[in-house]
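Just below is one structure, and these are the notes that go with it.
Both backbone and side-chain heavy atoms feed into the values below; hydrogens, waters and symmetry mates do not. Everything numeric in this text was worked out from a predicted model, so none of it was measured. Counting starts at 1 for both ligands and their atoms, in listed order.
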Amino acid sequence: MLKTHITGEQLFEKLKNIKLGGTVCQYSLKKCQELVPIINEINDLKEAKNAVILAHSYISPEIIYGVADFVGDSYKLSKDALTTTAKTIVFTAVRFMGETAKILNPEKEVLIPAREDGCTLADSINAAQVRELRKQFPGYTFICYVNTTAEVKAECHVCVTSANVYTIAENIPNDKIYFLPDKFMGQNLQNHLKRRGLKKDIKFYHGTCYVHEDYGIEQILKIRLEHPEAKIVSHPECNATVVENSDFVGSTEQMLAYMRETEAKEFLMLTECGLSGRLQAEFPEKKLVGSCTMCRYMKSNTLEDILRVLKNPLPKDRVTIAEDVRLRALKSLEAMFHYNRSK
Ligand code: 13P
Ligand code: SF4
């Protein structure tokens with residue numbers, strides 16, 4: 001056995017505490033032993049091809065704990081994509097995250113194994129619609145959420161992620177902001193700036209994330225009644241009532257950091273199931289209450305497809321972006337890194 005190879009027992013040790021959704025995210029020793037050959041084959045190929053695997057926290061646990069080199073939220077992964085010296089990046093997430101890596105690293109091959117090509121936010125607006133809005137709202141700074149296509153980023157002034165949206169909107173030296181495409185994040189941003197006493201005129205688009213839009217105040221009230229000690233942790237893609245009644249709101253990486261650092265032992269997590277899996281695997285002394293929801297796009301990444309794109313990528317697996325679009329989208333990402341600092 002090669003030094004880099006893992007055994008079924010070692011994989012089981014990492015995954016044994018994950019218990020989510022029927023049989024989908026439950027791992028027996030036998031299941032881990034069955035997963036290990038493909039995991040070891042992928043890890044060998046990565047080395048042979050000078051490739052790294054980036055995985056968003058919503059991806060299946062066997063990918064996160066079996067083959068991923070970098071795991072995190074979209075902001076962390078965009079920085080990881082910048083720092084890696086590997087020739088090839090396999091981005092296990094959704095297309096817009098792979099595109100972000102390609103915008104930042106044009107010389108690298110970026111491969112996307114996801115079978116379901118989409119994200120309800122990224123699919124809710126296109127470049128022509130942004131151009132129309134810019135005509136309707138002259139003088140506004142256009143902020144796009146990272147959950148947008150490269151073409152949409154190219155039409156906007158600044159890109160943000162859930163980890164830095166509030167800081168960046170505060171730091172932008174313009175009181176007129178158009179935020180797109182997430183209407184809930186737009187409302188949450190408006191409320192945040194009001195609370196901070198900042199008089200900014202915030203307009204926003206009407207897109208939603210189909211996972212986060214389903215969470216409501218009733219789930220929070222039920223948990224507050226049944227588990228009064230539990231902390232409610234939510235993502236800013238949730239609606240304003242959910243966000244205002246949560247104990248902590250942040251990007252997926254910030255949610256994990258909060259749960260790691262707080263003394264609390266029970267959590268209702270209003271985001272995709274992958275993050276619940278990370279909590280169970282990494283902080284087994286902490287307990288989840290309530291349920292979670294899966295994102296079908298994120299969960300369409302499989303070990304089989306990672307192996308396939310590493311061995312023999314099809315044209316659709318390779319991220320390609322027209323150079324003029326890439327250069328304009330790069331400006332909005334550079335503006336994000338510039339404004340993401342405290343005043
Ligand atoms: P994060 O950047 O917080 O991980 O969010 C990405 C996402 O798609 C949430 O639905
Ligand atoms: Fe898009 Fe929602 Fe899935 Fe995140 S969870 S990738 S916003 S559809």
> Looking only at heavy atoms, is any part of Thr161 under 4.0 Å from ligand 1, and if so is it the side chain, the backbone, or both, or is it neither?
Replying inline: neither
> What protein N/O/S atoms lie closer than 2.8 Å to atom 1 (Fe) of ligand 2?
Replying inline: Cys119 SG
>> As an exercise, identify every atom of ligand 1 less than 4.0 angstrom from a heavy atom of Ser251.
In response: 3 (O)
> Is there a heavy atom of His56 sitting under 4.0 angstrom from any atom of ligand 1?
Replying inline: yes
> For Met336, does its backbone N or O pair with a side-chain atom of Asn340 as donor and acceptor, under 3.5 Å?
Replying inline: no
> Using 4.0 Å as the upper bound for N to carboxylate O, is an ion pair formed by Lys316 and Asp117?
Replying inline: no
> Got a salt bridge between Glu334 and Lys331, using NZ or NE/NH1/NH2 to carboxylate O under 4.0 Å?
Replying inline: no
> Among all protein non-hydrogen atoms, which one is nearest to atom 2 (O) of ligand 1, and what is the separation to 0.1 Å?
Replying inline: Ser74 OG, 2.4 Å
> Does His212 have a non-hydrogen atom less than 4.0 Å from ligand 1?
Replying inline: yes
> Can a salt bridge be assigned to the pair Lys79 and Asp73 using a cut-off of 4.0 Å between side-chain N and carboxylate O?
Replying inline: no
> On the ring face of Tyr210, is Arg296 found with NZ or CZ under 6.0 Å from the centre and within 45° of the axis?
Replying inline: yes
>> Out of all atoms in ligand 2, which are within 4.0 Å of some heavy atom of Glu237? Include the element for each.
In response: 7 (S)
> Less than 4.0 Å between a side-chain N and a carboxylate O, is that true for Glu170 and Arg196?
Replying inline: yes
>> Can you tell whether the side chains of Lys199 and Asp175 come within less than 4.0 Å, N to carboxylate O?
In response: no
> Short N/O distance, under 3.5 Å, between Glu237 and ligand 1?
Replying inline: yes
> Of Tyr145, Phe142, Tyr140, which meets ring pair (Phe, Tyr, Trp, His ring centres under 6.0 Å) against Tyr178?
Replying inline: Phe142
> For ligand 1, which atoms sit closer than 4.0 Å to a heavy atom of Tyr58?
Replying inline: 7 (C), 9 (C), 10 (O)
> Do His235 and ligand 1 have an N or O pair less than 3.5 Å apart?
Replying inline: yes
> Do Arg326 and Glu99 meet the salt-bridge criterion of a basic N to acidic O distance under 4.0 Å?
Replying inline: no
> Is there at least one pair of N or O atoms, one from Asn147 and one from ligand 1, spaced under 3.5 Å apart?
Replying inline: yes
> Which residue holds the protein heavy atom closest to atom 3 (O) of ligand 1, what is that atom called, and what is the gap in Å?
Replying inline: Ser162 OG, 2.6 Å
> Thinking salt bridges, do Asp305 and Arg308 make one under a 4.0 Å N-O criterion?
Replying inline: yes
>> Does the plane of the ring in Tyr258 sit parallel, tilted or perpendicular to the ring in Phe248? Use 30° and 60° as the thresholds.
In response: parallel
